[in-house]
Novice: 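The structure follows.
Reckoned from all heavy atoms, side chains included, excluding hydrogens, waters and symmetry mates.
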Amino acid sequence: MTRSARRTRRMLRMTGAGAAVLLAVSACSSSDSDDSSKDSSTRGSAASDELSGEVTVFAAASLKESFTTLGERFEKEHPDTKVTFSFGGSDSLAASITGGAPADVFAAASPKTMKIVTDKGDAVGTPATFVRNQLEIATLPGNPDKVSSLKDLTRSGLKVVLCDRTVPCGAAAQKALDAGGLKLTPVSYEQDVKSALTKVVLKEADAAVVYKTDVRAAGDKVEGVEFPESAKAINDYPIALLKNARNAEVAKAFIALVRSAEGQKVLGGAGFLEP
């Protein structure tokens, strides 16, 4: 082979190697660009899924302990959110909502009080029952008056407190009394179940008809007495997204937590029954 031919072959080999390097660099660059694009897209998608902002929940007084726990968990899972609660009698909360009070979620202690809101068109979709609750008699610690039945509450001289009949716990108590054919005149009617229980805790009453969940939440401050008529007056608790919700996405996520297995575990631990 002549010197000229050898020089030509060597130049071709060098040109081929250079082209291969360029192709490799180009491929890497393209791959990096694609990966970068994917990463950017993924980050953008994750960012768009992040929940933020405040959500206001109107909830029955009997939900205070369990919903407070769920609110704290929600904020921990979604650090850019804040859950604000307004607890009270379901009828009063429903009236506030239909009157224009700003709220995103309503959790009522009965379908009847939820209907006040749905009839006005202030809820989105069909409310979902997420738990149920049963009545129990709360007495002073140690049950000094030896209350063992609903009938015992009709004894002369016993100071008994009931929720107002317009409130779900009061309507349920009246239903239980009717089921037992009993008549009872309380020393006072309270506007929500917590207020009724507080009368016993403060020893201003000897007994009150409240929910099992409230007796459990009070711990050793009261003693609970079960009665069979309560099975005739179990309340369903519905929850709904409100039409004028200012933060619908966060509200939906909170409702999802309440209805999830995690939410049901917290509610069940508080003494609520499965829906």
Novice: At their closest point, which heavy atom of Gly263 faces which heavy atom of Leu70, and how far apart are they?
Specialist: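 Shortest heavy-atom contact: CA-CD2, 3.8 Å.
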Novice: Could you check whether any side-chain N or O of Asn133 sits under 3.5 Å from a backbone N or O of Tyr211, counting only pairs where one atom can act as donor and the other as acceptor?
Specialist: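 No, the answer is negative, given that no donor and acceptor are paired below the 3.5 Å cut-off.
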Novice: Look at Glu262 together with Lys265 and state whether they make a salt bridge at an N to O cut-off of under 4.0 Å.
Specialist: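 Lys265 and Glu262: not salt-bridged.
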Novice: Under a 4.5 Å cut-off applied to non-hydrogen side-chain atoms, are Pro168 and Lys112 in contact?
Specialist: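 They are not in contact (no side-chain heavy atoms under 4.5 Å apart), so the answer is no.
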Novice: Under a single-linkage definition using a 4.5 Å side-chain heavy-atom cutoff for Ile, Leu, Val, Met, Phe, Trp and Tyr, are Ile234 and Val193 assigned to the same hydrophobic cluster?
Specialist: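 Looking at the clustering, Val193 is in a separate group from Ile234.
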Novice: What's the verdict on side chain to side chain contact (heavy atoms under 4.5 Å, CB included) for Ser86 and Leu93, showing C-alpha distance, side-chain angles and the deciding distance?
Specialist: CA-CA 8 Å; Ser86 180; Leu93 295 174; 4.0 Å; yes
Novice: Is there a donor-acceptor contact under 3.5 Å linking the side chains of Asn235 and Ser110?
Specialist: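 On atom types as modelled, these side chains do not qualify, holding no pair under 3.5 Å.
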Novice: Any side-chain heavy-atom pair from Leu162 and Glu190 closer than 4.5 angstrom?
Specialist: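 No, every pair of side-chain atoms sits at 4.5 Å or beyond.
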Novice: Measure the spacing between CZ of Arg216 and OG of Ser66 and express it to the nearest 0.5 Å.
Specialist: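 Answer rounded to 0.5 Å: 11.0 Å.
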Novice: If two hydrophobic side chains count as joined below 4.5 Å and joins carry through other members, does Val258 share a cluster with Val55?
Specialist: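 Val258 and Val55: one cluster.
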Novice: Kindly work out whether a path of hydrophobic side-chain contacts (I/L/V/M/F/W/Y, heavy atoms less than 4.5 Å apart) joins Leu140 to Leu135.
Specialist: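 Looking at the clustering, Leu135 is in the same group as Leu140.
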Novice: Tell me yes or no: between the side chains of Ser52 and Glu50, is some donor less than 3.5 Å from an acceptor?
Specialist: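 Judged by distance alone, the side chains do not pair up.
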Novice: Tell me, do Val210 and Cys169 make a side-chain contact under 4.5 Å, heavy atoms counted?
Specialist: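 When only atoms from C-beta onward are counted, Cys169 and Val210 do not touch, as no gap falls below 4.5 Å.
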Novice: For residues Phe67 and Phe74, establish whether the separation of their ring centroids is below 6.0 Å.
Specialist: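 No: the rings miss the under 6.0 Å criterion.
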Novice: Under 3.5 Å, is there a donor-acceptor pair between the side chain of Asp192 and the main chain of Ala61?
Specialist: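 Between the backbone of Ala61 and the side chain of Asp192 there is no qualifying donor-acceptor contact (under 3.5 Å).
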Novice: Do Met114 and Pro127 have side chains that get closer than 4.5 Å, going by heavy atoms?
Specialist: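 Yes, close enough: below the 4.5 Å cut-off.
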Novice: Ala60 and Ala108: which non-hydrogen atoms are nearest, and at how many Å?
Specialist: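 Of all heavy-atom pairs spanning Ala60 and Ala108, the closest is CB-C, 4.3 Å.
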Novice: Can you list the steps and then say if Thr56 with Val105 is a side chain to side chain contact (heavy atoms under 4.5 Å, CB included)?
Specialist: CA-CA 7 Å; Thr56 301; Val105 176; over 6 Å; no
Novice: Take Lys232 and Glu229 through the test salt bridge (charged side-chain N to carboxylate O under 4.0 Å, His left out) and record every step on the way to the result.
Specialist: CA-CA 6 Å; Lys232 304 290 185 181; Glu229 294 88 351; over 6 Å; no
Novice: Any link between Val57 and Val117 through a network of hydrophobic side chains (Ile, Leu, Val, Met, Phe, Trp, Tyr) touching at under 4.5 Å?
Specialist: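 Result: no, two separate clusters.
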Novice: Can you tell me how far the OG1 atom of Thr118 sits from the NZ atom of Lys120, to the nearest 0.5 Å?
Specialist: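 NZ of Lys120 is found 11.5 Å from OG1 of Thr118.
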Novice: Please determine if Asp152 and Arg155 form a salt bridge, counting it only when a charged side-chain N lies under 4.0 Å from a carboxylate O.
Specialist: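 Between Arg155 and Asp152 there is a salt bridge, with a charged N closer than 4.0 Å to a carboxylate O.
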Novice: Apply side chain to side chain contact (heavy atoms under 4.5 Å, CB included) to residues Val222 and Thr139 and explain how you reach the verdict.
Specialist: CA-CA 6 Å; Val222 299; Thr139 71; over 6 Å; no
Novice: Is there a side chain to side chain contact (heavy atoms under 4.5 Å, CB included) between Val131 and Leu273 once you walk through the steps?
Specialist: CA-CA 6 Å; Val131 285; Leu273 305 174; over 6 Å; no
Novice: Nearest heavy-atom pair of Val215 and Ala138: which atoms, and what distance?
Specialist: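 Heavy atoms only, the tightest pair is CG2-CB, 4.1 Å.
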Novice: Would you confirm whether Ser230, through its side chain, and Glu226, through its main-chain N or O, come within 3.5 Å as a donor-acceptor pair?
Specialist: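 Side chain of Ser230 to backbone of Glu226, a donor-acceptor pair under 3.5 Å: no, none is there.
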Novice: Testing the basics here: between Pro275 and Thr129, what is the closest heavy-atom pair and its distance to 0.1 Å?
Specialist: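 Nearest heavy atoms, Pro275 then Thr129: CB-O, 3.5 Å.
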Novice: Once rounded to the nearest 0.5 Å, what's the spacing between atom OG1 of Thr69 and atom NZ of Lys64?
Specialist: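 Answer rounded to 0.5 Å: 12.0 Å.
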Novice: Decide, yes or no, whether a salt bridge links Glu274 with Arg132 under the criterion of side-chain N to carboxylate O below 4.0 Å.
Specialist: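 Not counted as a salt bridge, because no side-chain N and carboxylate O are separated by less than 4.0 Å.
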Novice: Taking all non-hydrogen atoms of both residues, which atom of Ala107 and which atom of Ile239 are closest, and how far apart?
Specialist: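 Minimum heavy-atom separation between Ala107 and Ile239: CB-CG1, 4.1 Å.
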Novice: Can you check whether Leu63 reaches Thr68 side chain to side chain, under 4.5 Å on heavy atoms?
Specialist: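 No. Closest side-chain heavy atoms not under 4.5 Å.
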Novice: Mind checking whether Tyr237 and Phe130 have parallel, tilted or perpendicular rings, split at 30° and 60°?
Specialist: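 Aromatic pair Tyr237/Phe130 classed perpendicular.
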Novice: So how far is it from Phe272 CZ to Thr213 OG1, rounded to the nearest 0.5 Å?
Specialist: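 Going from CZ on Phe272 over to OG1 on Thr213, the span is 4.0 Å.
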Novice: Looking only at non-hydrogen atoms, find the nearest pair between Lys194 and Ala217 and report the distance.
Specialist: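 Residues Lys194 and Ala217, closest heavy atoms: NZ-CB, 4.4 Å.
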Novice: Return all side-chain donor-acceptor pairs below 3.5 angstrom for residues 199-207, not counting sequence neighbours, or 'none' if the list is empty.
Specialist:
from   : atom 1 : to     : atom 2 : distance (Å)
Lys199 : NZ     : Glu204 : OE1    : 3.3
Asp206 : OD2    : Lys159 : N      : 2.8

Novice: Among side-chain atoms of Ser195 and Thr198, is any donor-acceptor pair under 3.5 angstrom?
Specialist: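 No pair is found: no donor N or O on one side chain lies under 3.5 Å from an acceptor on the other.
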Novice: Under a 4.5 Å cut-off applied to non-hydrogen side-chain atoms, are Val160 and Val187 in contact?
Specialist: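 No, too far: nothing below the 4.5 Å cut-off.
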Novice: May I ask whether Leu242 and Val250 are part of the same hydrophobic cluster, defined by side-chain heavy atoms of I, L, V, M, F, W, Y residues being less than 4.5 angstrom apart, directly or through others?
Specialist: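 Different hydrophobic clusters.
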Novice: Is there any side-chain hydrogen bond (donor to acceptor under 3.5 Å, both in side chains) pair reaching into residues 76-85, and which pairs are they, with sequence neighbours excluded?
Specialist: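 Residue pairs passing side-chain hydrogen bond (donor to acceptor under 3.5 Å, both in side chains), neighbours aside: Glu54-Thr84.
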Novice: What is the distance from atom CG of Asn247 to atom CG of Leu51, rounded to the nearest 0.5 Å?
Specialist: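 Here the interatomic distance stands at 8.0 Å.
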Novice: Tell me if the CD atom of Gln264 is crowded by more than 12 foreign heavy atoms within 6.0 Å.
Specialist: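 Above 12, so yes.
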Novice: Working to the nearest 0.5 angstrom, can you tell me the gap between Leu150 CG and Phe227 CZ?
Specialist: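 Here the rounded value is 5.0 Å.
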Novice: Mind checking whether Phe58 and Phe87 have ring centres under 6.0 Å apart?
Specialist: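 They do not qualify: ring centres at least 6.0 Å apart.
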Novice: Working note: Thr113 + Asp91, criterion side-chain hydrogen bond (donor to acceptor under 3.5 Å, both in side chains); need CA distance, chi angles, decisive distance, verdict.
Specialist: CA-CA 6 Å; Thr113 45; Asp91 61 326; over 6 Å; no
